[in-house]
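A single structure is presented below for examination.
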Protein chains: 2
Amino acid sequence: MTNGIDERYHVRSVSRAALILEHLAAATDGLTVTEVARIAGGSKSSTFSTLQTLESHGLVSSEGEGTQRRYFLGLTLARYGELAVSRVSIRDIALPELRALTDETQMSSRVAKPEQGHAVIVGRVDAPGSVRFDLHMGQRELPHCSGLGKAVTAELDDDAVRRLLDSVGMPARTRKTVTDPERLLAQLADVRRRGYAVDDEEDADGVYCVGAVARNHRGECAGAISVTGLKLDVTEERIHELGELVRECAHRISARLGWS
Amino acid sequence: MTNGIDERYHVRSVSRAALILEHLAAATDGLTVTEVARIAGGSKSSTFSTLQTLESHGLVSSEGEGTQRRYFLGLTLARYGELAVSRVSIRDIALPELRALTDETQMSSRVAKPEQGHAVIVGRVDAPGSVRFDLHMGQRELPHCSGLGKAVTAELDDDAVRRLLDSVGMPARTRKTVTDPERLLAQLADVRRRGYAVDDEEDADGVYCVGAVARNHRGECAGAISVTGLKLDVTEERIHELGELVRECAHRISARLGWS
DNA sequence: TGCGAATGTTCTGTAATGCCGAACTCTATT
DNA sequence: AATAGAGTTCGGCATTACAGAACATTCGCA
């Protein structure tokens, strides 16, 4: 979990608590105190104290008394999550446009907001009857192998991209994932020229994705949108067509955000 | 924020971090470091460290560099919130039933889960065109003045109710709010007999609400549902009718949860 | 029914660290 | 240009979060 934030001014207990939340998020069936202590590191007793503290604030909840008590993410997080998402203005503006885009393309669409270099999903429209791609609210898209990620990353200059890739790495998600920084930089130059980014089975096998950025009144990147579908459904000539559709949709969103 | 959790095993830094999140949730337009320090208590420097830590985990986000930098709830909370809500099984079972209930009554309906004595909202169906009541996901309903809260509280025995009221208080939200513990206990006895709870403008002026609990396969309270509408729309004879509707709907949900 | 293993909970000393206050840098405004 | 106020950095001391062990409970198995 290394990102651009200075390590000097971290408060350890809080960082540990955040890690515990992250592990609880990964565990669908909850965790016991001992499991949390083992997975997140730290002693049983301090883990216990941290969990108690988090629970008293509703950030975690527990079920079962006595032995075998299991901890889960608490429902206060639902409230915070709603508030966090509702604050993102691009979401409300993008969703109607995305519904139209999904109607036209029959592909699932997403809107993301840049946060610390990553694209974080803040809204989605699923194509009816389509395969469910596991793209969830709040999910962080990788900068080097997703339509949303590439679109956002293309906003940075080459040096900033190199630094970003350095800190987050370029894990190979499929055989087609670009793992060479220089080759990705060349792709990003294309993205800037064309106005849209392509993920051709680079994040998941058989999945195709096109993304483009939307801009606010100051011309800054306010977020990105994308459509995702099966590679099977995307013919050769459809690729360019899709790119144009997504770019134009992003343009409409930009216009509504005050960009000319 | 005093609840049943032992104060001895709290880790202070984590508690402070949780408080900061709570204050950020209350501030719609974000807060600066100095504002957070002032409101949440503590020095500027330690508040700064805590915010940095939370930001590095995506639990808060900040906008604006240099002076006047503002902090908000981070989007990681959106992901956690979705996960926390999706784990609540009563939600998925209740939502279809609530849609039917809202269709029939033309009132907004809610489903909540009990957590530490409070009813926490985990799902909602808004009546089309109705006034928007500010009942949000993750919101904690008060035990003494809301349909959901009363329904859940009626599950406890009188002593437990007294202890709960003692720790959370009975704030008067309207002129009709019940602030006398003994009178509330009498009401709760009615709730147990009738099978539904009524909030007659006790939480907000002009707002009427009826709630009932649903039970799991062991007969325990798995959650509660409610319908909410304007007092104006609820005629005298409709009251009993509504109660029956809500109770029957809760029964259907209980049946689907394995209760006989 | 009773034993044992594993779990959650409590306790205590100590090393670490989180907290404060003060100094510093930077920006915006007068 | 000066000042006021913001965010950021630094150093030292008191606090406290941590680990480990002891205790209390529960559950499974014979």
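Naming: A, B, ... by sequence-line order, numbering from 1 per chain. No experiment lies behind these values; they were computed from the predicted model shown.
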Applying a 4.0 Å non-hydrogen cut-off, can you work out what S13(A) is touching in the nucleic acid: base, sugar-phosphate, or nothing?
sugar-phosphate
Per the atom types in the model, does the base of dG21(C) pair as donor or acceptor with the side chain of S45(B) at under 3.5 Å?
yes
Rounded at 0.5 Å granularity, tell me how far OG in S254(A) sits from CZ in R247(A).
11.5 Å
Whole angstroms only, please: what is the CG-P distance between L19(A) and dA17(D)?
17 Å
May I have the distance from L51(B) (atom CG) to dC19(C) (atom P), rounded to whole angstrom?
12 Å
Atom pair CG (L77(A)) and NE2 (H57(A)), whose distance is rounded to the nearest 0.5 Å
12.5 Å
So what does R70(A) hit on the nucleic acid, given a heavy-atom distance under 4.0 Å: a base, only sugar-phosphate, or nothing?
nothing
State, yes or no, whether a side-chain contact exists between R124(A) and R91(A) at a heavy-atom distance under 4.5 Å.
no
Rounded at 0.5 Å granularity, tell me how far OG1 in T47(A) sits from CG in L31(A).
11.0 Å
Contact check, residues 24-44 of chain B vs DNA chain C, heavy-atom distance under 4.0 Å, returns G42(B), S43(B)
Tell me: CZ of R69(A) to C1' of dA24(D), nearest whole Å?
15 Å
When you measure from the side-chain N and O atoms of R16(A) to the phosphate of dC18(D), is any distance below 4.0 Å, counting only OP1 and OP2?
yes
Nearest to the side chain of F48(A), which nucleotide is it out of dT10(C), dC10(D), dC19(C)?
dT10(C)
Could you measure the distance from the NE2 atom of H144(A) to the CG atom of D199(A)? Nearest 0.5 Å is fine.
10.0 Å
Side chains of Y71(A) and E35(A) in contact at under 4.5 Å (non-hydrogen atoms):
no
Given DNA chain C, 5'-ward residue of the pair R12(A) and Q68(A), judged by closest heavy atom:
Q68(A)
